[in-house]
Amino acid sequence: MSENHRPLHPSHEEHMQRALKLARQGAENGEVPVGAVIVHEGRIIAQAYNRVEMLKDPTAHAEMIAITQAASALGDWRLENATMYVTKEPCVMCAGAIVLARIARVVWGTADPLRGGCVSVFNILRSEALNHRPVIVGGILEAECRLILQDFFRARRGKMD
């Protein structure tokens with residue numbers, strides 16, 4: 001069975017729903033709607049949405065903020081037994097941080113065929129040149145995750161016309 005078509009883990013949908021809720025919060029604040037949740041030993045230890053506009057910081061992606069929170073929660077930068085749930089395939093920067101943090105599993109909703117840093121454009125999470133390769137599960141609540149992004153950018157384009 002391919003990584004994108006595995007049977008759902010009972011909590012995958014639940015955690016992705018939480019990530020979607022965070023993405024909606026981000027959209028309400030004018031941010032690109034991406035939400036991330038990190039789970040360790042069955043409990044949520046970090047959750048974030050994009051804050052690039054709010055913080056005026058190009059690195060303030062949901063994944064980066066969540067990784068920082070998770071490391072703080074565990075008191076260690078190694079997130080070896082953690083799973084990240086994120087609504088969109090992480091970019092190159094976030095994929096690099098995932099590898100450096102040694103996150104065990106990355107679960108995302110929708111792929112990013114234009115800028116995906118994990119498998120769509122760049123294959124950072126599968127690179128044999130790097131010292132860590134997390135398990136990848138894609139396509140969890142894919143339609144909902146894609147729709148929130150499409151709606152956000154459609155509305156943004158409408159305001160620009």
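- For the pair W77 and L100, the minimum side-chain heavy-atom distance is 4.5 Å or more.
- Qualifying side-chain hydrogen bond (donor to acceptor under 3.5 Å, both in side chains) partners for N29, counting only residues two or more places apart in sequence or in other chains: Y49.
- Put simply, the side chain of T87 gets close to the backbone of G35: a donor and an acceptor are under 3.5 Å apart.
- The CG atom of L74 lies 5.0 Å from the NE2 atom of H40; values are rounded to the nearest 0.5 Å.
- Listed here is the closest heavy atom pair of I98 and H132: O-CD2, 4.3 Å.
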| said: Pair E14, R18 - check salt bridge (Lys or Arg N to Asp or Glu O under 4.0 Å), show working. | reply: CA-CA 7 Å; E14 177 185 334; R18 179 66 190 141; over 6 Å; no
| Pair V86-V107, side chain to side chain contact (heavy atoms under 4.5 Å, CB included): steps then yes or no | CA-CA 6 Å; V86 60; V107 180; over 6 Å; no
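- Side-chain atoms of N123 never come within 3.5 Å of backbone atoms of R126 as a donor-acceptor pair (strictly under, hydrogens ignored).
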| said: One pair to check against side chain to side chain contact (heavy atoms under 4.5 Å, CB included): C91 and H61. What are the steps and the verdict? | reply: CA-CA 9 Å; C91 71; H61 290 196; 3.6 Å; yes
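- Atom CD in E142 sits 11.0 Å away from atom CH2 in W108 (nearest 0.5 Å).
- Listed here is the closest heavy atom pair of I140 and C145: O-SG, 4.0 Å.
- Note on L22: it does not cluster hydrophobically with I65, by side-chain heavy-atom contacts below 4.5 Å among ILVMFWY residues.
- Shown here for V34 and A62, the closest heavy-atom pair between the two residues is O-CB, 3.5 Å.
- The two residues S120 and D112 have their closest heavy-atom pair at CB-O, 3.3 Å.
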| Checking side chain to side chain contact (heavy atoms under 4.5 Å, CB included) for the pair L141/L20: CA distance, chi angles, key distance, verdict? | CA-CA 9 Å; L141 301 181; L20 275 163; 4.0 Å; yes
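- The other members of the hydrophobic cluster of M93, by chain and number, are M64 (side-chain heavy atoms under 4.5 Å, ILVMFWY only).
- At a threshold of 4.5 Å between non-hydrogen side-chain atoms, the residues I148 and R24 count as touching.
- Between the R133 side chain and the L130 main chain, a donor and an acceptor come within less than 3.5 Å of each other.
- Listed for the E89 side chain is a donor-acceptor partner under 3.5 Å among the backbone atoms of V119.
- Of the possible polar contacts, none joining the N50 side chain to the P33 backbone as a donor-acceptor pair under 3.5 Å is found.
- Of all non-hydrogen atoms in A70 and I38, the two that sit nearest each other are CB-CD1, 3.8 Å.
- Between V37 and M84 there is no side-chain heavy-atom pair separated by less than 4.5 Å.
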| Step by step, would you call I124 with V99 a side chain to side chain contact (heavy atoms under 4.5 Å, CB included)? | CA-CA 8 Å; I124 292 171; V99 169; 4.1 Å; yes
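- Only one option out of Q47, H15, H12 pairs with Y85 in a side-chain hydrogen bond (donor to acceptor under 3.5 Å, both in side chains); it is H12.
- Placement of M16 and V135 within a single hydrophobic cluster is found when ILVMFWY residues are connected by side-chain heavy-atom separations under 4.5 Å, directly or transitively.
- To the nearest 0.5 angstrom, E63 atom CD is 9.5 Å from I103 atom CD1.
- Shortest non-hydrogen contact noted between A66 and A46 is O-CB, 3.2 Å.
- One N or O on the side chain of E31 and one on the backbone of M54 form a donor-acceptor pair closer than 3.5 Å.
- Contact check for R102 versus N131: side-chain heavy atoms found under the 4.5 Å cut-off.
- Between the SG atom in C94 and the NZ atom in K88 there is a gap of 7.5 Å [rounded to 0.5 Å].
- Side chain of R154 to backbone of F152: no donor-acceptor contact under 3.5 angstrom is found.
- Grouped by direct or indirect side-chain proximity (heavy atoms under 4.5 Å, Ile/Leu/Val/Met/Phe/Trp/Tyr only), V52 sits alone.
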